Number of protein chains: 2
Amino acid sequence: MVTIRDIAEATGVSATTVSNVIHGKDNRVSAETIQKINEAIKELGYVPNMSARSLVSSSSRVIGFVNHVITRENTNFMEDPFHSAAIGAIEATLRENGYFLMLRTVENAEELVTFLQRWNMDGLFFTGIFKDKFFDSLAGLHIPVVLLDSYVHTSGFCNVGLEDFTGSYNATKHLIEKGHRHIGFASPNIKDGGVLQERFLGYKSALAEAGIPFEKGIVFQQEMDLNSCRLICNDIVEHPELTGLVVSADIMAAGIMTGLKEKGKRIPDDISIVGFDDISLSQLVDPPLTTIHQDMNLKGRLAVDFMLQLLSGKTLDTTEITLSTRLVERSSVKDLR
Amino acid sequence: MVTIRDIAEATGVSATTVSNVIHGKDNRVSAETIQKINEAIKELGYVPNMSARSLVSSSSRVIGFVNHVITRENTNFMEDPFHSAAIGAIEATLRENGYFLMLRTVENAEELVTFLQRWNMDGLFFTGIFKDKFFDSLAGLHIPVVLLDSYVHTSGFCNVGLEDFTGSYNATKHLIEKGHRHIGFASPNIKDGGVLQERFLGYKSALAEAGIPFEKGIVFQQEMDLNSCRLICNDIVEHPELTGLVVSADIMAAGIMTGLKEKGKRIPDDISIVGFDDISLSQLVDPPLTTIHQDMNLKGRLAVDFMLQLLSGKTLDTTEITLSTRLVERSSVKDLR
DNA sequence: GGGTAAAAGTTTAACGTTTAACTCATTCTA
DNA sequence: TAGAATGAGTTAAACGTTAAACTTTTACCC
């Protein structure tokens, strides 16, 4: 391994001078020396050792992307399509700015804090569901934190979210406006304080506003895979009064469409469906899915914008961004009027 | 920050003893002292500093997952659904074994080597297309390397791949057996030495074997997004003789199906389609897509298996695994016989 | 020509951890 | 009972980098 000291020796200066040149503090160094040092760096193939740097400067240039899972069972980081979309964008931007990205799943606050401390992390992206007190331990670390899709509004953290409530409200309202009165809600398991709960509340709110009584029996919760969707379909067809269905995630909507078609139901003639997310799949299913569009890529970019600003020590004018959604009408909803 | 020295002071022993206890080298320490130290660690909330550890032991416990891109243009790490699937599995397993995962895109070998050296990486997962000489610099680092879907068989590296050629050969043969004689090939841009090239060669080989002349004019290359697929469809409909199409990725197959349906073509009546990958979407499109199935999750798990074995210093019986594929018949192929 | 400032460095200590080599009792063995 | 072995540690150096505090030489000002 080529060290800074090797460069120093090769050029006949001290290690500090080499370090200064590397860090662009070259106002203290003659042009001639700078050139000699840079040449030696090229020649010998010097690569800075981040461990040493991090140790002495207590800044590691590492940013963590941490996903909080409740249990270890389904611990796959990438199950949510948002993650994949966001991480790609985040990695690219961070890299351009000289930062590194570490990926991690944690089960609890302690694990998270330990992770950050171990590596002297410079910043944190955080997704998942959590209680306020989860963050007490985080706040003490005094590093930039950007929350993604969090409904915890702890002061001091940046937050990039989505109008989940309003989006789902609009999805439901759209069905109501098309003359539907019996509208079910299907969703992956709704957890307290999460995105899906907001979407559920938006659905209920739209019903209430239209004077339609809420019925527990037509709320269907299951995993997102095709087989679980088929199970849901068994339940759905037992409610022949249903003409419309709001589904809180497009992947699930697609699964349910498949399941219903297998049972001989026609979409939208027998049942209308509105999804949520507008993933690329949604225009590919048959019929193309009417859904609530969100810009996941933008969400990722805004998150990393926040992070970079925080890292540069700027004081922010805003710490909270809630992206809006819009309804994309395709062909999965029938007009009953 | 609580250091090992704080623990040492609190318990009245030396730093070395604390270090020994932490690392389970406690044969040199009395049971009583061990307990006192462990209590102090809990009490004071000691967290080991990985930078310091890495600096002195030249092992960082960090594994890199690096994707090689040819240009910086489309630099999103996650565009390939395989990556998301694999990374989740890899992160989980590495974490369980006390390793950390760093994500990174690189443009060339130099960038890769620098990345690995900066952090003293313990291992590397690598995906992407590359020339043999790309690896010469890698070999000198003497760290475990696991290649994913690589068609470079440099000795010394582990390799987890797929029977891309055979899969695509079978897809094409399937159409031929169903009586098709005019079979096109659609694909994202085929690059030398990559997965897509193998799939292309498999297609050609099946044609050749059946005595069907290869026609350049019915090979369609485009990006994977829906609009590019529509462009392809413009071309496709200008070849009315085509009754079958092999598509080298399901995402694209779905896009093409949509595009063709928009143009009034019926699938499979007017044109039959066979995809590749069997992503979850493939059973959701209409008609459900006949495709070549691969187990991406298994690919990720095998890769991390390799890595863990290499890290533990075992000598491996195999360093190369090529997963097989299988044809999944759904409803996108018409029997012409 | 005395004092100040600038230019171009150097020296030293520190960051937190590990490792190799050492110490000093006590116990065992022949 | 001398010597070896064991148990339970300790000391000191090292890993590569940086930051703060120095040093030396030359130039400049009035």
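The shown structure was predicted, so the numbers you read here are calculated from the model rather than taken from an experiment. Residue numbers start from 1 in every chain, and the chains themselves are labelled A, B, ... in the order their sequence lines are given, proteins ahead of strands.
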By nearest atom, which of the nucleotides [options] is closest to the [X] side chain?
X	options	value
Ala52(B)	dG16(D), dG9(D), dG16(C)	dG16(C)
Val13(A)	dG16(D), dT10(C), dT17(D)	dT10(C)
Met1(A)	dT18(D), dT10(D), dG16(D)	dG16(D)

Taking only N and O in the side chain of [X], is any of them less than 4.0 Å away from OP1 or OP2 of [N]?
X	N	answer
Lys25(B)	dT19(C)	yes
Ser54(A)	dT17(D)	no
Ser19(B)	dT18(C)	yes
Thr33(A)	dA8(C)	no
Ser14(A)	dT10(C)	yes
Arg53(B)	dT18(C)	yes

Search all heavy atoms of Cys158(A) against all heavy atoms of Leu316(A) and return the closest pair with its distance. SG-CD1, 3.4 Å
Tyr99(A) six-ring face occupied by Arg61(A) cation (under 6.0 Å, within 45°): yes
Report which part of the nucleic acid Ser30(B) touches: base, sugar-phosphate, or nothing (heavy-atom distance under 4.0 Å, all strands). sugar-phosphate
Roughly how many Å is it from [atom1] in [X] to [atom2] in [N], rounded to a whole number?
X	N	atom1	atom2	answer
Arg28(A)	dT10(C)	CZ	C1'	11 Å
Arg118(A)	dT17(C)	CZ	P	11 Å
Ile37(B)	dG9(D)	CD1	P	8 Å
Leu55(B)	dT18(C)	CG	C1'	10 Å
His23(A)	dG9(C)	NE2	C1'	17 Å
Arg5(A)	dG16(D)	CZ	C1'	7 Å
Ile41(A)	dT17(D)	CD1	C1'	13 Å
Trp119(B)	dT17(D)	CH2	P	13 Å

Asp26(A) side chain vs Val29(A) backbone, donor-acceptor pair below 3.5 Å: no
Can you tell me if Asp6(A) uses its side chain to pair, donor with acceptor, with the backbone of Thr3(A) under 3.5 Å? yes
Considering heavy-atom distances to DNA chain D, does Val56(B) or Val29(B) have its closest nucleotide positioned more toward the 5' end? Val29(B)
CD/Glu320(A): more than 12 non-hydrogen atoms of other groups inside 6.0 Å: yes
Per nearest nucleotide of DNA chain C, the residue lying toward the 5' end, Thr16(B) or Ser51(B), is Ser51(B)
